[in-house]
Protein chains: 2
Amino acid sequence: MAVAMKSCALARDPLYMQVCELLTRRIAGGTWKPNGALPNEMELAREMGVSAGTVRKALEKLEADRLVVRRQGRGTFVVDQAAPEAASRFDRLRRADGVPLTWSSRLLSRSGGEPALSEQRMLQVGPGEAVARKQRLLSVSGRKFAVESACLAVERLTGLDPDDREVGDWNLASLAQHHGVHLARAYEEVRLVAAERETAALLGVDAGTTLMLLDRVIMSIEQAPIEWRSATCHVRDEYYLAEVA
Amino acid sequence: MAVAMKSCALARDPLYMQVCELLTRRIAGGTWKPNGALPNEMELAREMGVSAGTVRKALEKLEADRLVVRRQGRGTFVVDQAAPEAASRFDRLRRADGVPLTWSSRLLSRSGGEPALSEQRMLQVGPGEAVARKQRLLSVSGRKFAVESACLAVERLTGLDPDDREVGDWNLASLAQHHGVHLARAYEEVRLVAAERETAALLGVDAGTTLMLLDRVIMSIEQAPIEWRSATCHVRDEYYLAEVA
DNA sequence: GCGAATTTGTGCGTATGTATT
DNA sequence: TAATACATACGCACAAATTCG
């Protein structure tokens with residue numbers, strides 16, 4: 001580990017970034033379970049042959065990336081990406097009273113195989129890289145709310161069999177956690193669109209009704225697009241909440 | 001400065017946070033001009049009687065808060081909040097091709113005085129705290145695009161005369177920079193609304209047309225709401241872009 | 001083109017403070 | 001109270017980027 005700096009003429013990552021990457025791999029590899037504690041900073045420093053300050057800097061970055069949480073007096077813990085707070089962090093729709101929107105879903109269809117052109121563009125995948133798709137009808141307290149199409153870049157999830165049961169109606173957060181991918185952030189585009197005939201029929205509105213279209217691409221820490229979701233929403237009091245930093 | 005730690009039994013901010021606050025005040029006070037360089041780290045450490053590491057940590061926080069930028073080999077510089085990149089950071093509307101939307105504006109009206117109830121709620125001000133208001137018609141390449149109402153918590157801008165010329169059709173970024181306020185982030189709510197008669201008339205659309213309503217509150221670093229803007233937008237190809245971290 | 005000077009970035013080591021168990 | 005673990009603070013050395021002669 002510490003060897004790397006002087007012996008290699010090529011520009012390498014700083015030592016703390018290497019520590020960061022190693023810890024990331026170990027967390028993804030399951031060395032420590034979600035909600036489990038990492039060894040303390042001194043311990044990690046000794047194991048890896050670096051200074052405590054270097055480990056500290058690496059852990060600070062991991063915490064900023066939401067892979068771990070650190071608590072004074074307790075320790076450093078692996079964040080459970082499948083826990084509700086973490087998993088719903090990309091859902092920005094709110095009820096009129098500000099509470100995060102919850103819905104029930106009915107699977108309309110699913111498929112897989114080669115990506116369409118739009119999917120290649122949104123997910124930055126080549127024509128040959130397999131994707132999985134699903135289409136769902138979302139309902140909010142009994143009311144038909146949205147038609148959602150989602151597309152997953154399955155090959156970016158290490159060791160995932162595209163025909164696996166869990167790809168059926170996948171849960172992105174837990175799927176990612178179990179296949180070595182850490183979700184970092186999302187880009188979401190909000191548009192107004194006129195309802196097409198089929199969509200209108202599914203939502204029970206007149207064709208041509210103006211709906212809210214949400215296109216969301218969720219990216220991994222390595223900046224690779226993982227999932228593209230396109231939801232056509234029949235909003236009433238509900239709203240989209242953005243926090244601009 | 002360094003005295004504070006042991007002599008005082010009360011829980012005080014950590015030293016680096018005190019340095020941070022001092023530097024923030026000095027930047028707001030104009031000790032160093034926008035785009036100007038701060039003294040180097042060693043210098044600051046000597047001046048303030050703290051270690052270089054403490055100054056470093058303070059500067060890292062200031063950089064995270066976008067008050068300064070630091071460049072290896074060059075120095076640490078005050079961010080010009082009025083520069084286009086900084087000032088337009090809260091504008092999330094995009095043209096169809098992804099380019100940030102630009103507009104021209106026509107001032108429809110302006111006023112000031114006691115806040116209405118909605119303004120008290122959105123800006124978290126009391127009934128007695130003065131606000132300033134303006135209403136504008138925004139056009140995009142000749143097309144009437146939006147009716148915008150903005151409301152400013154003038155009393156949060158230190159030393160600002162509510163009847164000042166610059167409050168007429170204020171520029172929030174430069175107004176904030178000149179009155180000791182640092183804009184940190186914004187909360188924006190996106191809704192679908194039916195155009196009311198007056199709004200429809202101003203935008204040249206039929207009453208009842210579905211429009212995009214954007215409610216944005218910009219907050220200072222101290223978490224105080226500074227400006228509330230409510231824009232009713234007649235979007236066509238344009239879209240709202242959110243980045244969810 | 002090159003080297004010296006300047007400034008931030010990285011890394012190491014140590015001591016002490018503070019929250020938790 | 002004691003032990004543990006992260007948080008803060010200090011100081012030093014060298015690497016890397018930038019600027020300038």
Side-chain angles (χ1 to χ4, degrees), chain A residues 1-23 27 32 35-79, chain B residues 1-23 27 32 35-79:
Chain A
M1 167 62 66
V3 167
M5 299 309 292
K6 288 205 178 96
S7 61
C8 183
L10 275 62
R12 291 182 56 79
D13 273 358
L15 196 46
Y16 76 90
M17 282 300 299
Q18 298 177 40
V19 172
C20 202
E21 286 156 22
L22 176 54
L23 290 174
I27 290 170
W32 307 291
N35 293 321
L38 271 63
N40 70 50
E41 298 179 349
M42 266 180 28
E43 188 87 26
L44 287 172
R46 253 186 300 116
E47 276 181 33
M48 303 196 286
V50 301
S51 77
T54 301
V55 168
R56 165 163 284 276
K57 195 159 179 177
L59 289 176
E60 280 166 359
K61 172 150 174 56
L62 290 187
E63 183 163 47
D65 288 343
R66 302 188 209 230
L67 270 72
V68 303
V69 288
R70 310 160 74 214
R71 294 193 206 291
Q72 186 173 2
R74 295 187 55 195
T76 302
F77 304 87
V78 177
V79 169
Chain B
M1 166 62 66
V3 167
M5 298 309 291
K6 286 204 180 96
S7 61
C8 181
L10 274 61
R12 291 182 57 80
D13 272 359
L15 195 49
Y16 77 91
M17 281 300 299
Q18 299 177 39
V19 172
C20 202
E21 286 156 22
L22 176 55
L23 290 174
I27 290 171
W32 308 291
N35 292 320
L38 271 64
N40 69 49
E41 299 179 350
M42 266 180 27
E43 188 86 28
L44 286 172
R46 254 186 300 115
E47 277 181 32
M48 303 196 285
V50 301
S51 76
T54 301
V55 167
R56 166 163 287 274
K57 190 156 181 178
L59 290 176
E60 280 166 0
K61 173 150 174 53
L62 290 186
E63 183 163 47
D65 288 344
R66 305 190 207 229
L67 271 73
V68 303
V69 287
R70 310 162 72 215
R71 293 193 209 289
Q72 186 173 3
R74 297 191 53 197
T76 302
F77 304 87
V78 177
V79 169

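Note that the coordinates shown come from a computational prediction; the quantities given were computed from them, not determined experimentally. Residue numbers start from 1 in every chain, and the chains themselves are labelled A, B, ... in the order their sequence lines are given, proteins ahead of strands.
Between Val79(B) and Leu67(B), every side-chain heavy-atom pair lies at or beyond the 4.5 Å cut-off.
Distances shorter than 4.0 Å separate some side-chain N or O of Arg70(B) from OP1 or OP2 on dG9(C). Listed pair Arg74(B) / dT6(C) fails the phosphate criterion, with no side-chain N or O lying under 4.0 Å from OP1 or OP2. Under 4.0 angstrom from either OP1 or OP2 of dC6(D) there lies at least one side-chain N or O belonging to Thr76(A).
Between Glu41(B) atom CD and dG11(D) atom P the separation is 15 Å, expressed in whole Å. In this structure, CG of Asp13(B) is placed 15 Å from C1' of dT18(C), rounded to the nearest angstrom. Rounded to an integer number of Å, the gap from CG of Leu44(B) to P of dT6(C) is 17 Å. As a whole-Å value, the separation of Tyr16(A) OH from dA16(D) C1' is 13 Å. The interatomic distance linking Leu38(A) (CG) with dC6(D) (P) rounds to 9 Å, in whole Å. One can place CE of Met17(B) at 10 Å from P of dT8(D), the figure rounded to the nearest angstrom. Taking atom CG of residue Asn40(B) and atom P of nucleotide dT18(D), one finds them 17 Å apart after rounding to whole Å. The distance between atom CE of Met48(B) and atom C1' of dC10(D), rounded to the nearest whole Å, is 15 Å.
The 5' end of DNA chain C is approached more closely, in terms of each residue's nearest nucleotide, by Glu63(B) than by the other of Arg71(A) and Glu63(B).
Rounding to the nearest 0.5 Å places NZ of Lys61(B) at 12.0 Å from CG of Leu23(B). One distance of note links CE of Met48(B) with CG of Leu44(B); it measures 5.0 Å at 0.5 Å rounding.
Qualifying side chain to side chain contact (heavy atoms under 4.5 Å, CB included) partners for Glu43(A), counting only residues two or more places apart in sequence or in other chains: Pro39(A), Asn40(A), Arg46(A), Glu47(A). When the side chain to side chain contact (heavy atoms under 4.5 Å, CB included) test is applied to Arg70(B), the partners found at least two apart in sequence or on another chain are Glu41(B), Arg56(B), Leu59(B), Glu60(B), Glu63(B), Val68(B), Thr76(B).
Within 6.0 Å of atom CE in Met17(B), more than 12 heavy atoms from other residues, nucleotides or ligands are found, so the atom counts as buried in its surroundings.
Side-chain atoms of Gln72(B) come within donor-acceptor range of the base of dA16(D), with a qualifying N/O pair under 3.5 Å.
DNA chain D lies under 4.0 Å from at least one heavy atom of each of the following residues of residues 51-61 of chain A: Arg56(A).
When all heavy atoms are compared, the tightest approach of Phe77(B) to Asn35(B) is CD2-O, 3.8 Å.
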